[in-house]
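This report refers to the structure that appears directly beneath it.
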2 protein chains.
Amino acid sequence: MPRPQFDRNIALNKSVDLFWQQGFHAASMQQVFAATGLKPGSIYHAFGSKEGLFKESIEHYTKLSMAKARAQLEQATSISKGICELLERLINESQNRDYCSCLLVKSQLELNIEHPELNQLITQNLQKTEDQYAELLSQEFDSDLSKIYASSLMLHIFGIRVYGYQLKDTSQLLKSLRISLHWLPWENSLN
Amino acid sequence: MPRPQFDRNIALNKSVDLFWQQGFHAASMQQVFAATGLKPGSIYHAFGSKEGLFKESIEHYTKLSMAKARAQLEQATSISKGICELLERLINESQNRDYCSCLLVKSQLELNIEHPELNQLITQNLQKTEDQYAELLSQEFDSDLSKIYASSLMLHIFGIRVYGYQLKDTSQLLKSLRISLHWLPWENSLN
DNA sequence: AACTTTGTTGAACATTTATTCAAACTAACC
DNA sequence: GGTTAGTTTGAATAAATGTTCAACAAAGTT
């Protein structure tokens with residue numbers, strides 16, 4: 001083997017950040033070259049096309065995102081308690097000035113039927129995410145209920161991922177979540 | 001006044017459809033010219049720029065969308081009953097082969113902080129939508145509760161707008177909604 | 001009927017886009 | 001140490017992008 005190849009993970013991290021912030025169409029390959037410090041030939045040799053790079057970025061993002069969720073749920077005192085913490089984290093994250101939702105959600109909405117492969121890939125990865133929630137929830141609930149709860153959880157996370165842009169005061173949304181996700185063991189609070 | 005101006009509403013309808021299907025970045029001005037049958041000069045004379053056309057499209061879409069929601073809620077036997085019907089309609093619409101979510105939701109996620117004006121406009125229009133729900137709900141609930149319910153409703157609608165791409169079987173999602181939006185007067189069903 | 005006003009036309013423009021490829025380079029292998 | 005195979009280079013390419021503008025045409029005004 002000749003000259004060692006560039007570090008794929010570092011390049012993917014930079015690409016994920018770029019696609020995440022800008023979206024697939026608005027992110028240009030020039031920006032990819034600038035962000036990764038790599039030249040066109042290297043990127044195209046390694047990923048084939050913009051779409052190829054995007055596919056790997058999606059996979060990379062999903063892997064990190066699912067690992068983060070799993071870690072948070074497993075370190076909590078219970079899975080459902082962990083979900084409360086996770087939802088609170090998502091709401092807090094949405095208050096950041098550079099908040100940009102979730103790469104999968106953004107991409108699902110951006111890429112229409114003219115990109116069937118990408119759409120399928122995104123759908124698959126969102127499904128994997130939901131399946132992981134169902135699996136973790138099944139430690140506490142029976143299998144059928146876990147699936148319904150996982151599905152409801154996804155719906156609420158999607159909602160938060162969009163509503164995040166709208167929010168000024170998080171307390172009202174938290175109140176809403178306590179009402180609609182009433183099967184979760186929310187902490188009692190006095191306000 | 002010289003030669004009569006083209007019909008602005010027709011042009012906006014076509015533009016809305018295009019931006020809705022493709023998104024702001026993927027929709028090209030060439031596609032606008034093709035869809036409207038107008039020449040570059042006419043469009044630029046009337047709307048100034050792609051961003052100008054997009055802004056008016058957003059306003060146009062919001063107007064139609066809010067009117068549709070209001071009509072559905074007012075023709076129902078009660079506002080909350082109308083909301084059930086509206087949610088069911090949204091879920092059904094998401095099963096269409098050419099489903100493309102909601103223009104406001106898509107745009108909110110696509111246009112990042114590099115388009116601050118557009119972002120603000122979208123946020124405003126989503127807020128108007130939420131305010132209308134709160135106003136209509138206040139016919140049935142007190143003012144504070146109406147606001148919380150409206151906010152929760154928005155969250156669920158956003159969720160449906162994203163989850164719509166994921167859905168195969170709508171019955172599970174409907175079940176979820178019945179659980180989380182338990183304050184709505186859902187029809188009893190045997191399945 | 002001449003003039004002004006104003007929307008329309010469509011070719012042309014400068015940028016930017018994703019992508020290519022022959023040449024240069026480097027590390028491993030014989 | 002020469003050969004080879006795979007990686008990087010970066011200028012170049014063709015196509016597409018949003019936008020402009022001088023010429024044109026039709027209605028209102030005098």
Side-chain angles (χ1 to χ4, degrees), chain A residues 1-58 107 110-112 114-119 121, chain B residues 1-58 60 106-107 110-112 114-119 121:
Chain A
M1 219 182 273
R3 219 181 192 179
Q5 207 173 356
F6 63 83
D7 187 324
R8 224 180 159 83
N9 270 328
I10 295 180
L12 280 174
N13 280 332
K14 298 280 187 190
S15 302
V16 164
D17 286 346
L18 193 62
F19 284 128
W20 195 354
Q21 280 165 26
Q22 312 265 16
F24 176 74
H25 286 105
S28 75
M29 290 306 281
Q30 306 248 16
Q31 288 177 305
V32 171
F33 308 145
T36 58
L38 297 166
K39 308 292 169 184
S42 297
I43 297 282
Y44 277 83
H45 179 76
F47 299 103
S49 66
K50 186 183 184 182
E51 208 169 299
L53 175 63
F54 186 73
K55 284 183 190 170
E56 288 213 33
S57 300
I58 289 286
S107 304
E110 182 181 359
L111 300 160
N112 62 0
E114 294 184 19
H115 298 262
E117 284 185 36
L118 293 182
N119 240 303
L121 182 71
Chain B
M1 218 180 272
R3 222 182 191 178
Q5 207 175 357
F6 63 83
D7 188 325
R8 223 180 159 84
N9 270 329
I10 297 180
L12 280 174
N13 280 332
K14 298 281 188 190
S15 301
V16 164
D17 286 347
L18 193 61
F19 284 129
W20 194 355
Q21 279 164 28
Q22 312 266 15
F24 176 74
H25 286 105
S28 75
M29 291 306 283
Q30 306 249 13
Q31 289 177 306
V32 171
F33 307 145
T36 58
L38 298 166
K39 308 294 170 181
S42 297
I43 297 282
Y44 277 84
H45 181 74
F47 301 102
S49 66
K50 186 182 184 184
E51 209 169 298
L53 176 61
F54 186 73
K55 282 182 190 171
E56 287 215 31
S57 300
I58 289 285
H60 193 70
K106 288 180 77 162
S107 305
E110 182 182 359
L111 300 161
N112 61 2
E114 295 185 19
H115 297 264
E117 284 186 35
L118 294 181
N119 239 303
L121 182 72

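Letters A, B, ... mirror the listed sequences (proteins, then strands); counts begin at 1. Worth knowing before you read on, the calculation uses all heavy atoms, side chains too, and leaves out hydrogens, waters and symmetry mates. Keep in mind it's a predicted model, so treat the numbers as computed, not measured.
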Next item on the list: Given side-chain contact (heavy atoms from CB on, under 4.5 Å), test H115(B) with E110(B) step by step and report yes or no.
Entry: CA-CA 10 Å; H115(B) 297 264; E110(B) 182 182 359; over 6 Å; no

Checklist line | Between C1' of dG18(D) and CZ of F54(B), the distance in whole Å | finding: 16 Å

Notebook entry, point to check: Passes side-chain contact (heavy atoms from CB on, under 4.5 Å), L118(A) versus S107(A)? Steps please.
Noted result: CA-CA 9 Å; L118(A) 293 182; S107(A) 304; over 6 Å; no

Note to self: If you apply the rule side-chain contact (heavy atoms from CB on, under 4.5 Å), what do you find for K50(A) with I43(A), and how did you get there?
What the structure shows: CA-CA 9 Å; K50(A) 186 183 184 182; I43(A) 297 282; over 6 Å; no

Note to self: So which atom in L53(A) and which in L12(A) form the shortest heavy-atom distance, rounded to 0.1 Å?
What the structure shows: CD1-CD2, 4.3 Å

Notebook entry, point to check: What is the minimum heavy-atom distance between N112(A) and Q21(B), and which atoms define it?
Noted result: ND2-O, 3.0 Å

Margin query: Ignoring hydrogens, what is the shortest heavy-atom contact between V16(A) and S57(A)? Give both atom names and the distance.
Written below: CG2-O, 3.4 Å

Notebook entry, point to check: Expressed in angstrom and rounded to an integer, what is the separation of D7(B) atom CG from dT8(C) atom P?
Noted result: 11 Å

Item checked: Integer-rounded Å distance: dC21(C) P and H45(A) NE2 -> 15 Å

Item checked: Nearest-angstrom distance from the residue atom CG of L53(B) to P of dT19(D) -> 10 Å

Notebook entry, point to check: Looking at residues 15-37 of chain A, who's got a heavy atom less than 4.0 Å off DNA chain C?
Noted result: A27(A), S28(A), M29(A), Q30(A), F33(A)

Next item on the list: To the nearest Å, give me how far apart CZ (F47(A)) and P (dT19(C)) are.
Entry: 14 Å

Next item on the list: Verify the contact: side-chain N or O of K39(A) to OP1 or OP2 of dG10(D), cut-off strictly under 4.0 Å; return yes or no.
Entry: yes

Note to self: Per the ring pair (Phe, Tyr, Trp, His ring centres under 6.0 Å) rule, what does the pair list look like for residues 27-57 of chain A, sequence neighbours excluded?
What the structure shows: F19(A)-F54(A), F24(A)-F54(A)

Next item on the list: Might you confirm whether atom NZ of K14(A) has over 12 heavy atoms from other residues, nucleotides or ligands at distances under 6.0 Å?
Entry: no

Next item on the list: Rounded off to whole Å, could you give me the CD-to-C1' distance for the E51(A) and dT19(C) pair?
Entry: 14 Å

Check: So, is S49(A) close to the dA18(C) phosphate, meaning a side-chain N or O under 4.0 Å from OP1 or OP2?
Finding: no

Note to self: I want to confirm an ordering. Mapping L38(B) and Y44(A) to their closest nucleotides on DNA chain C, which one lands closer to the 5' end?
What the structure shows: L38(B)

Check: So which heavy atom on A27(B) is nearest to which on L18(B), and how close?
Finding: CB-CG, 4.1 Å

Next item on the list: For K50(A), answer base if it contacts any base atom (sugar-phosphate contacts may also be present), sugar-phosphate if it contacts only those atoms, and nothing otherwise; contact means non-hydrogen atoms under 4.0 Å.
Entry: sugar-phosphate

Checklist line | Rounded distance (Å) that lies between atom C1' of dT7(D) and atom CZ of R8(A) | finding: 13 Å

Heteroatom pairs (N/O) under 3.5 angstrom, protein to nucleotides 11-14 of chain C:
none

